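First up is the structure itself, then whatever we jot down about it.
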Amino acid sequence: MLIREILKTAPAAAVMEVKGWVRTRRDAGGLSFIEINDGSCLGNLQIVAQSDMDNFETLIRKLTTGCAVRFTGKLAASPAKGQDVEFQAESVEVYGWSPAESYPLQKKRHSFEFLRNVPHLRPRTNSIGSVMRIRGRLAIAIGRFFEEQGFVQVHTPVISTSDCEGAGEMFSVTTPGPGSGGGESPCSTDFFGRPAGLTVSGQLEAEAYALALGRVYTFGPTFRAENSHTSRHLAEFWMVEPEMAFCDLDEDIDLAEKFLKFLIADVLDNCREDLELFTKFVDKDLRNRLETVTARAFARTTYGEAVRILAKSGKKFEYPISWGADFQAEHEKFLTEEVFGKPTVVTDYPASIKPFYMRLNDDGKTVAAMDVLFPAIGEIIGGSRREDRYAVLEKRMAERNIDPDAYRWYLDLRRYGSAPHAGFGMGFERLVQFVTGMANIRDVIPFPRTAGRA
RNA sequence: UCCCCUGUAGCUCAGUCGGUAGAGCAGGUGGCUGUUAACCACCUUGUCGGCGGUUCGAAUCCGUCCGGGGGAGCCA
């Protein structure tokens with residue numbers, strides 16, 4: 001039985017068993033209190049071992065933080081404060097010891113920075129355990145949301161030849177291929193016979209499937225070879241990218257808002273205990289902030305309006321804003337936190353600062369793009385209606401010196417049965433950060449990959 | 001890639017004006033029949049990130065390299 005269930009069970013005379021890892025042992029004269037955790041929930045189960053039980057001196061008194069154990073015994077009401085029920089041990093078995101002199105985790109709080117040095121052991125801590133349970137729950141909620149909305153999940157390739165212009169540097173994938181004979185150009189003899197890399201976005205491939213299956217989404221790892229050192233960037237992260245045929249920008253925004261509210265409401269309902277940990281130790285206002293997101297409509301404004309608001313605000317920005325310039329972190333913060341005080345959707349950005357595939361508006365200057373900005377973390381979703389007119393797309397590619405031969409298949413989607421379509425991308429870890437209040441993105445993914453660390 | 005901060009015991013950190021290393025926790029031993037970050041007593045633990053320089057003397061000052069963190073850019 002999992003500890004999650006045991007803690008909700010009424011005391012009974014029946015003998016049961018429990019397995020887990022020791023978090024702490026406290027001795028009080030002739031008895032020992034052992035707290036074990038099995039990962040099924042944040043809470044520990046308190047085991048009470050009496051000195052007359054078998055193996056008390058040989059096993060119980062030698063248990064230390066980290067040991068893997070199995071107990072049989074009975075669940076009883078706890079006479080002391082701190083827990084409703086406790087487990088009165090009758091027998092103990094030790095699966096694996098954990099030498100205290102060398103085990104890196106102690107029964108106290110560690111800094112996240114230290115825990116990053118032991119990524120294989122840190123899931124045994126309360127905080128990382130809670131983050132990862134919430135992360136897992138969010139991943140399931142994403143699938144449920146799209147299932148309810150009639151989407152098909154498509155698995156776009158991890159190895160790709162499209163660099164999805166503007167998305168950042170690609171990692172190259174190279175290995176000697178079947179035709180490898182030591183030629184001059186490494187790529188011509190390479191496995192794929194042409195330059196290939198790890199995907200920076202599944203969007204272009206998702207578009208192909210949206211223009212066949214209607215509503216699709218991808219959810220998988222994405223890679224950026226950027227040498228960035230911030231608390232919001234990873235070299236390997238997960239991205240959710242829905243793509244919808246017969247969809248305009250407003251419908252795209254509606255879906256994004258509904259999506260975010262669904263995910264946050266799901267965690268509020270299902271991860272109560274884990275969220276409490278973060279409300280207590282990481283961010284007192286967390287729960288309140290999450291409830292605000294689910295309760296209120298997101299603000300919506302155009303880029304042009306936002307620029308006017310910023311210019312008229314009288315606030316001094318480090319980077320002055322004028323039409324044509326992209327927003328800086330300080331501008332996004334000001335809009336979400338001071339002007340609107342809630343999640344804000346900004347639309348219709350200048351074409352010059354957005355990628356070639358976003359649909360050009362009738363003014364010829366802006367594109368049908370939208371960014372969802374969240375207080376505290378900035379951009380969480382970026383999306384757009386896609387350019388569905390062959391000639392316009394071709395022209396925009398030419399303006400940016402993009403080789404049309406490399407995107408022949410993408411242009412084909414506009415050549416044969418082109419249709420209005422739109423989509424967006426959401427950085428999964430940024431969502432986990434927002435939901436947990438965790439300050440550093442490296443602590444919301446099991447094994448973080450950043451420049452210089454893999 | 002640029003700017004800033006930082007590196008001292010297993011962990012978190014203090015170390016003043018340059019004078020030769022320190023506290024809490026963890027760990028070890030002992031005590032305690034209801035503990036909750038248990039408590040009490042005693043004990044152990046150091047390439048002061050590396051290398052070089054200044055100095056009678058460097059954790060401390062200078063140079064350089066490496067690691068970590070934050071921010072900017074880029075983005076998700």
Side-chain angles (χ1 to χ4, degrees), chain A residues 23-35 43-52 56 61-62 64-66 76-83 86 88 98-118 125-126 164-169 199-203 221-241 281 318-319 326-330 332-333 353-355 371-374 377-383 424-434 439-445 450-453:
Chain A
R23 282 296 175 82
T24 170
R25 193 193 87 235
R26 293 180 289 270
D27 292 334
L31 74 170
S32 231
F33 299 93
I34 303 127
E35 288 196 38
N44 299 327
L45 177 65
Q46 174 165 281
I47 310 281
V48 185
Q50 303 286 346
S51 58
D52 56 5
F56 186 79
R61 281 283 161 109
K62 296 196 165 105
T64 55
T65 304
S78 178
K81 283 183 184 167
Q83 59 282 315
E86 63 186 22
Q88 290 179 336
S98 179
E101 321 82 65
S102 59
Y103 187 56
L105 301 180
Q106 302 168 2
K107 51 179 181 184
K108 64 166 202 165
R109 286 182 77 183
H110 290 288
S111 66
F112 289 119
E113 205 174 318
F114 167 72
L115 292 175
R116 272 171 230 148
N117 296 322
V118 283
T125 63
N126 285 340
C164 216
E165 184 241 6
E169 282 298 305
T199 182
V200 293
S201 165
Q203 180 202 309
T222 307
F223 309 86
R224 305 276 166 92
E226 298 289 345
N227 186 19
S228 45
H229 297 272
T230 82
S231 55
R232 303 179 309 281
H233 293 87
L234 290 166
E236 176 182 299
F237 63 100
W238 284 56
M239 196 150 59
V240 183
E241 294 174 289
F281 292 113
E318 194 185 335
Y319 293 86
D326 207 352
F327 293 137
Q328 305 292 322
E330 56 175 346
E332 295 181 349
K333 211 175 162 65
I353 58 171
K354 290 291 183 184
D371 283 355
V372 181
L373 310 178
F374 263 19
I377 61 162
E379 182 185 335
I380 189 158
I381 278 180
F424 62 79
M426 180 189 74
F428 185 52
E429 283 75 18
R430 297 245 176 113
L431 176 74
V432 181
Q433 269 191 285
F434 182 77
N440 198 308
I441 200 165
R442 300 173 183 93
D443 301 323
V444 300
I445 189 168
T450 52
R453 270 207 175 193

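Scope of the values below: all heavy atoms of this structure, side chains included, with no hydrogens, waters or symmetry mates. Quick caveat, the model's predicted, so the values are computed rather than measured.
- When the P atom is used for both G15(B) and C4(B), the distance is 23 Å, rounded to whole Å.
- Contact annotation for Q83(A): base contact, defined as any heavy-atom pair under 4.0 Å involving a base atom.
- Anti is the classification of C61(B), since its glycosidic angle lies more than 90° from 0.
- Between Q433(A) atom CD and I380(A) atom CD1 the span is 9.0 Å, to the nearest 0.5 Å.
- The distance between atom CD of E113(A) and atom P of G70(B), rounded to the nearest whole Å, is 8 Å.
- At a threshold of 4.0 angstrom between heavy atoms, the contacts of G30(A) are confined to the sugar-phosphate backbone, with no base atom among them.
- Using a 4.0 Å cut-off, some side-chain N or O of R442(A) falls inside it from OP1 or OP2 of G69(B).
- Counting non-hydrogen atoms under 4.0 angstrom, A100(A) reaches the backbone sugars and phosphates but no base.
- For the pair S231(A) and I441(A), the minimum side-chain heavy-atom distance is 4.5 Å or more.
- Backbone-only contact: N440(A) has heavy atoms under 4.0 Å from sugar-phosphate atoms and none from a base.
- The interatomic distance linking D27(A) (CG) with G30(B) (P) rounds to 11 Å, in whole Å.
- Straight-line distance from the CD1 atom of I441(A) to the P atom of G68(B): 17 Å, rounded to whole Å.
- Nucleic acid contact class of T24(A) (heavy atoms, under 4.0 Å, all strands): sugar-phosphate only.
- Without hydrogens or angle criteria, T64(A) side chain to S98(A) main chain gives a donor-acceptor distance under 3.5 Å.
- Looking only at side-chain heavy atoms (C-beta outward), R116(A) and D443(A) come within less than 4.5 Å of each other.
- Mapped onto RNA chain B by nearest heavy atom, M239(A) and A451(A) fall at different nucleotides, with A451(A) at the one closer to the 5' end.
- Across every non-hydrogen atom of E241(A) and G425(A), the tightest pair is CG-CA, 3.9 Å.
- No contact: R25(A) has no heavy atom under 4.0 Å from any strand.
- Heavy atoms of E236(A) sit nowhere under 4.0 angstrom from any nucleic acid atom.
- In this entry the distance linking CD of Q88(A) with C1' of U33(B) reads 13 Å, nearest Å.
- Between S231(A) and G71(B) there is a side-chain polar atom (N or O) within less than 4.0 angstrom of OP1 or OP2.
- The shortest distance between side-chain heavy atoms of R442(A) and L234(A) falls below 4.5 Å.
- To the nearest whole angstrom, the two P atoms, one in U47(B) and one in G10(B), are 7 Å apart.
- Comparing C32(B), G71(B), U33(B) by their nearest atom to the side chain of L31(A) picks out U33(B).
- Pairing analysis of RNA chain B (Watson-Crick: purine N1 to pyrimidine N3 plus N6-O4 or O6-N4; G-U wobble: N1-O2 and O6-N3; both under 3.5 Å) yields stems of 3 or more pairs at B:1-7 with B:66-72, B:10-13 with B:22-25, B:27-31 with B:39-43, B:49-53 with B:61-65.
- For H110(A) (side chain) and Q106(A) (main-chain N/O), a donor-acceptor pair under 3.5 Å exists by modelled atom type.
- As rounded to the nearest Å, A14(B) and U60(B) have C1' atoms that lie 14 Å from one another.
- The shortest distance between the side-chain N/O atoms of R232(A) and the OP1/OP2 oxygens of G70(B) is not below 4.0 Å.
- With hydrogens and angles ignored, the 3.5 Å screen pairs no side-chain donor or acceptor of S228(A) with any backbone N or O of T230(A).
- If you check every strand for non-hydrogen atoms under 4.0 Å, K107(A) touches sugar and phosphate atoms only.
- Using a 4.5 Å cut-off on side-chain heavy atoms (C-beta onward), T222(A) and R224(A) make contact.
- Base engagement by L234(A) is indicated by at least one non-hydrogen atom pair under 4.0 Å involving a base atom.
- Of the candidate nucleotides U33(B), U1(B), U35(B), U1(B) has the atom lying nearest to any side-chain atom of N227(A).
- One atom, CZ of R61(A), and another, C1' of C32(B), lie 10 Å apart when rounded to the nearest Å.
- If you take atom C1' in A58(B) and the same atom in C2(B), they sit 32 Å apart, rounded to whole Å.
- Straight-line distance between the C1' atoms of A9(B) and G27(B): roughly 12 Å, to the nearest whole Å.
- A salt bridge links R26(A) to E35(A): at least one charged side-chain nitrogen sits closer than 4.0 Å to a carboxylate oxygen.
- Projected onto RNA chain B by closest heavy-atom contact, F327(A) and K81(A) fall at different nucleotides, the more 5' of which corresponds to K81(A).
- In the model, R109(A) has no side-chain atom that pairs as donor or acceptor with a side-chain atom of N126(A) under 3.5 Å.
- Look at CD on E429(A): it is 19 Å from P on C75(B), rounded to the nearest Å.
- How far CG of L105(A) is from OG1 of T65(A): 8.5 Å, rounded to the nearest 0.5 Å.
- When heavy atoms are screened at a 4.0 angstrom cut-off, Y319(A) is found touching the sugar-phosphate backbone but no base atom.
- In this structure, F33(A) places its CZ atom 4 Å from C1' of U35(B), rounding to the nearest Å.
- A donor-acceptor pair is defined here as one N or O able to donate and one able to accept, closer than 3.5 Å; no such pair exists between the side chain of D371(A) and the backbone of L373(A).
- On the P atoms, G46(B) is 24 Å away from A41(B), given to the nearest whole Å.
- C75(B) and G67(B): their C1' atoms are spaced 26 Å apart (whole Å).
- Checking G34(B), C75(B), C32(B) against the side-chain heavy atoms of R224(A) singles out C75(B) as nearest.
- For the pair I381(A)/E379(A), no side-chain contact is recorded, criterion being any heavy-atom separation below 4.5 Å from C-beta on.
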Under 3.5 Å, N/O pairs linking protein and nucleotides 4-11 of chain B:
residue, atom, partner, partner atom, Å
G10(B), N2, Q106(A), OE1, 3.1
G10(B), N2, Q106(A), NE2, 3.1
G10(B), N3, Q106(A), NE2, 3.1
C11(B), O2, K108(A), NZ, 2.7

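- In terms of polar N and O atoms assigned as donor or acceptor, the side chain of Q46(A) comes within less than 3.5 Å of the base of U35(B) in a complementary pairing.
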Every protein N/O lying under 3.5 Å from an N/O of nucleotides 40-46 of chain B:
none

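- U16(B) and C61(B): their C1' atoms are spaced 15 Å apart (whole Å).
- Between the C1' atom of U35(B) and the CD1 atom of I47(A) lies a distance of 14 Å, rounded to the nearest Å.
- Counting only distance, with no hydrogens or angles, the side chain of Q46(A) and the backbone of F33(A) share no donor-acceptor pair below 3.5 Å.
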